[in-house]
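Report on one structure; see the data block that follows.
The residues of the chain are indexed from 1 along the displayed sequence. In what follows, every heavy atom counts, from backbone to side chain, and hydrogens, waters and symmetry copies are set aside.
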Amino acid sequence: MMKNKKSILLLTVTALIILIGLSIGNPDGVHYLSLFAALVFTIISSIFIYKNRAYASFKPLEWLLLIVFSFIVQFSLLDNLHMTSSTIFSLVLYAISRTLLAMLLTAAVLSAIKQINDFHYTFAHPKRYLGIVTILILTVSLYYWFAFFPAAMTPDSLAQWRQAHNGEFNDWHPIMITWLIMLLTKIWDNPGIVAFTQIVVVVSIYAYTFDFFIKRKAHPVMIGLLTAIIVIIPSFLIFSIIIWKDILYSAFLLFFTVNIAKIYLSKGAWVKSKASFFLLLLSAFGVAFFRHNGFPVFVLTFLLMIVLFRKNWKPLVTIFLVVFILQKIVTGPVFTWLDVKPSDPNEALSIPTQQIANIISNDGEMSKEEREYFNKVLPIELWKEKYNPYKSDPIKFTWKYYDREFIFNDLGLYFKNYASIVIKNPYLATEGFLKQTALVWQINPFKDGYTDTYVTNIYYGNDLGLKNKVIEPFITHTANAYLAIFKHPVFTFLWKPAFYHCVILLFSLMLVIRRGITSLIIVIPWALNTLSVLAALPAQDFRYLLASVFVSFFFIGLPFIRFDQKEIRKKRM
């Protein structure tokens, strides 16, 4: 009885803190509709948690992850920074109240999940189910291809297409993708074959993922839900027709993640067979070679796996060495032999560039020497004129005035001055960082924010003579009409990678609760990919984090697959 009273008191106090914080902490004033919605959610969650309190207890580490997740979710929903118009007290109170509300809602969901028994559903005809799912996904993908035939291409796509045809390579785009385009155009010199190949690869990897779920006894309802998500939400399939390196890389990151799940669930034994060895090698190769940030993702993930699954270290170390050595050979002697031009090292300075620009644009505090230094990098008036809070390109590509050589002649001096003005202007530096990285963390956009999503046409006015061809007007019209539905403001969140990040984090938390902390090894490739993008994000292009979309549906289904019998007995003990 005493425990029940303590539970009621705790939930009541939590509800009061939430309501008080949202009422007086919001610097924009009280939003009564939002406050009423928060009250309703708080009451419903509290009642549910109280009635299911036996399932609402978590281990200390799970509580820590729950708090971290709740803070991230509430932060991602901020549509302004709430810094200049807030006192520290009101800001902290507002953040705490929002985090507590997110914690209540998440705890209610997790307590419900904990009550779900492991599925033991056996498909009578698993190949038939897999075939139906694959055909549905392939049909929608081909519909987009026919609607916007032969492909969609932007200046980046055209630059790589040009390299594939003239053999003048540079490392701005992964050379493996360029070589793949070269090979495919030997068969059919048309962008359509590249788009078609991307469709085949993406659909095949989706099918591979569904095969995993079916073999692991996922319920047909879950299979149906995941299929519906992929075929209905355009972000899962429309990008397959666009010739970007990000498409194949994102698909292979999903492929890699599924393979890691298989390794984890078998305690490393899965990789022992020749077929599994080849599949892991293939997925690791795609991650390491199809985008520049993929190589560190591959290296760090494999090092962790070698430690975690050390009883089966031989095949893991073999794959690691094969891919690692091959990457060094390609980027070393092969690049030298082919005279591959290096990419601009300044690409890695996007975040510092934006923070410096925000400080200069707002006349932040800096010494005379620091001002003179940054004036040599780029004239002060141009820092102010060219600064776009969400894109570093206008500054980086002011070719005549932006002095790259001056920066890299003494990179240490650059970072010394950068660190000094960041310390002097913490708010402006934080604002510059948060706006530039909004693509990664923000679901509700700032008023001046934007996100570049997808294109359905070949860039107009290109000098390669490439054009789209309407095969059947009805197909093109209906595809455009369908895509237009998802451009409605109500669906804005679907074009924010941060939404998919929150989905992945939520279901990863469920996975930890059901399987333990070591299951987080499955999340590592996605987490490393996201952090690597965060570290050097140049613009608000959805494609940079397309991998988060592809991976998200896998994590939705992952907590609901069948335990092995040994795992079940261990869990019950």
- Task: Run the numbers on Val330 and Met176 for side chain to side chain contact (heavy atoms under 4.5 Å, CB included), then give the verdict.
- Result: CA-CA 9 Å; Val330 170; Met176 283 294 176; 4.1 Å; yes

- Query: Counting heavy atoms not belonging to Lys467, are there more than 12 under 6.0 Å from its NZ?
  - Reply: no

- Message: If we check side chain to side chain contact (heavy atoms under 4.5 Å, CB included) with Ile504, which of these qualifies: Phe555, Phe499, Phe553?
- Response: Phe555

- Query: Run the ring-ring contact (aromatic ring centres under 6.0 Å, His included) check on Tyr143 and Trp145 step by step: do they pass?
  - Reply: CA-CA 5 Å; Tyr143 196 89; Trp145 187 49; over 10 Å; no

- Message: Using side-chain heavy atoms (C-beta onward) and a distance below 4.5 Å, is Ile233 in contact with Val549?
- Response: no

- Item | More than 12 heavy atoms of other groups within 6.0 Å of Phe295 CZ | yes

- List the steps, then state whether side chain to side chain contact (heavy atoms under 4.5 Å, CB included) holds for Ile360 with Met366. CA-CA 9 Å; Ile360 292 174; Met366 64 176 66; 3.6 Å; yes

- Are Gln160 and Thr178 close enough that a side-chain donor and a side-chain acceptor fall under 3.5 Å? yes

- Task: Would you indicate whether the side-chain heavy atoms of Tyr206 and Leu237 approach each other to under 4.5 Å?
- Result: yes

- Message: With rounding to the nearest 0.5 angstrom, report the CD1 to OG distance, Ile524 to Ser508.
- Response: 10.0 Å

- To the nearest 0.5 angstrom, please state how far the CG atom of Leu494 sits from the OG1 atom of Thr453. 11.5 Å

- Do Phe255 and Leu282 touch side chain to side chain, with heavy atoms closer than 4.5 Å? yes

- Query: Is it true that a side-chain atom of His501 and a backbone atom of Val440 form a donor plus acceptor pair closer than 3.5 Å?
  - Reply: yes

- Message: Regarding Glu347 and Lys396, does a basic nitrogen lie under 4.0 Å from an acidic carboxylate oxygen?
- Response: yes

- Paired with Phe554, the ring pair (Phe, Tyr, Trp, His ring centres under 6.0 Å) test is passed by just one of Phe256, Phe210, Tyr208, Phe213, namely Phe213

- So does Trp337 have more than 12 non-hydrogen atoms from other groups sitting under 6.0 Å from CH2? no

- Side chain to side chain, Leu511 and Phe507, heavy atoms closer than 4.5 Å: no

- Task: Rounded to the nearest 0.5 Å, what's the gap from CD on Gln354 to OH on Tyr387? Could you check?
- Result: 5.5 Å

- Task: Taking all non-hydrogen atoms of both residues into account, name the closest pair between Lys496 and Phe542 and its distance.
- Result: N-CE1, 3.9 Å

- Message: Using every non-hydrogen atom in the two residues, find where Gln198 and Phe239 come nearest and quote the distance to one decimal.
- Response: NE2-O, 4.3 Å

- Item | Intermediate values then yes/no, side chain to side chain contact (heavy atoms under 4.5 Å, CB included), Ile242 and Phe148 | CA-CA 10 Å; Ile242 310 173; Phe148 307 111; over 6 Å; no

- Item | Distance in Å, Leu466 CG paired with Asn457 CG, rounded so as to fall on 0.5 Å steps | 12.0 Å

- Spell out, as yes or no, whether a donor-acceptor pair under 3.5 Å connects the side chain of Asn375 to the backbone of Ile380. yes

- Donor-acceptor under 3.5 Å (Asp171 side chain, Pro174 main chain): no

- Query: Short question: side chain of Gln540, backbone of Gln436 - any donor-acceptor pair under 3.5 Å?
  - Reply: yes

- Query: Is Leu537 close to Ser350 at the side-chain level, that is, under 4.5 Å between some pair of heavy atoms?
  - Reply: no

- Is the cationic atom of Lys274 (NZ for Lys, CZ for Arg) positioned less than 6.0 Å from the six-membered ring centroid of Phe278 and within 45 degrees of its normal? no

- What's the shortest heavy-atom distance between Ser276 and Ser273, and which atoms? OG-OG, 2.8 Å

- Item | Note, Ile238 side chain near Ile241 side chain (heavy atom, < 4.5 Å) | yes

- Item | Flag for Ser157-Trp161: side-chain donor and acceptor within less than 3.5 Å | no

- Just by distance, with hydrogens left out, do Trp526 and Ser548 show a side-chain donor and acceptor under 3.5 Å apart? yes

- Message: Does Tyr459 have more than 12 heavy atoms from other residues, nucleotides or ligands lying within 6.0 Å of its OH?
- Response: no

- Query: Shortest non-hydrogen contact from Pro234 to Leu483?
  - Reply: CB-CD2, 3.7 Å

- Query: For Tyr401, does the OH atom have more than 12 heavy-atom neighbours from other residues, nucleotides or ligands under 6.0 Å away?
  - Reply: no

- Query: Run the ring-ring contact (aromatic ring centres under 6.0 Å, His included) check on Tyr418 and Phe374 step by step: do they pass?
  - Reply: CA-CA 9 Å; Tyr418 159 68; Phe374 289 114; 8.2 Å; no

- Query: Quick one: which of Phe290, Tyr249, Phe289, Phe320 gives a ring pair (Phe, Tyr, Trp, His ring centres under 6.0 Å) with Phe298?
  - Reply: Phe320

- Of all heavy-atom pairs linking Tyr500 and Ser235, the shortest is OH-OG, 2.9 Å

- Query: Is the backbone of Arg543 close enough, under 3.5 Å, to the side chain of Asp541 for a donor and an acceptor to pair up by distance?
  - Reply: no

- Looking only at heavy atoms, what is the nearest atom pair of Ala151 and Ile458, with distance? O-CG1, 3.5 Å

- Message: Within the 4.5 Å heavy-atom criterion, are Leu253 and Phe550 side-chain neighbours or not?
- Response: no

- Side chain of Ser532, backbone of Leu528: donor and acceptor closer than 3.5 Å? yes

- Item | Side chain Tyr544, main chain Leu439, donor-acceptor under 3.5 Å | no

- Between OH on residue Tyr402 and CD1 on residue Ile395, distance to nearest 0.5 Å: 7.5 Å

- Message: With a sphere of 6.0 Å drawn around CZ of Arg371, does it hold more than 12 non-hydrogen atoms of other residues, nucleotides or ligands?
- Response: no

- Item | Aromatic plane relationship, Trp441 with Phe446 - under 30° parallel, 30 to 60° tilted, over 60° perpendicular | perpendicular

- Flag the pair Arg291 / Val297 as yes when at least one side-chain heavy-atom distance between them is below 4.5 Å, and no otherwise. no

- Message: Checking Thr353 against Trp383 for the side chain to side chain contact (heavy atoms under 4.5 Å, CB included) test, could you report, in this order, the C-alpha distance in whole Å, the side-chain angles of both residues, the deciding distance, and whether it holds?
- Response: CA-CA 10 Å; Thr353 297; Trp383 278 104; 4.1 Å; yes

- Just by modelled atom types, is the Val307 backbone N or O under 3.5 Å from a matching donor or acceptor in the Arg310 side chain? yes

- Message: As an exercise, state the distance from CG of Leu338 to CD1 of Ile175, rounded to the nearest 0.5 Å.
- Response: 5.5 Å

- Query: Within the side chain of Asn259, is there an N or O that forms a donor-acceptor pair under 3.5 Å with the backbone of Leu279?
  - Reply: yes

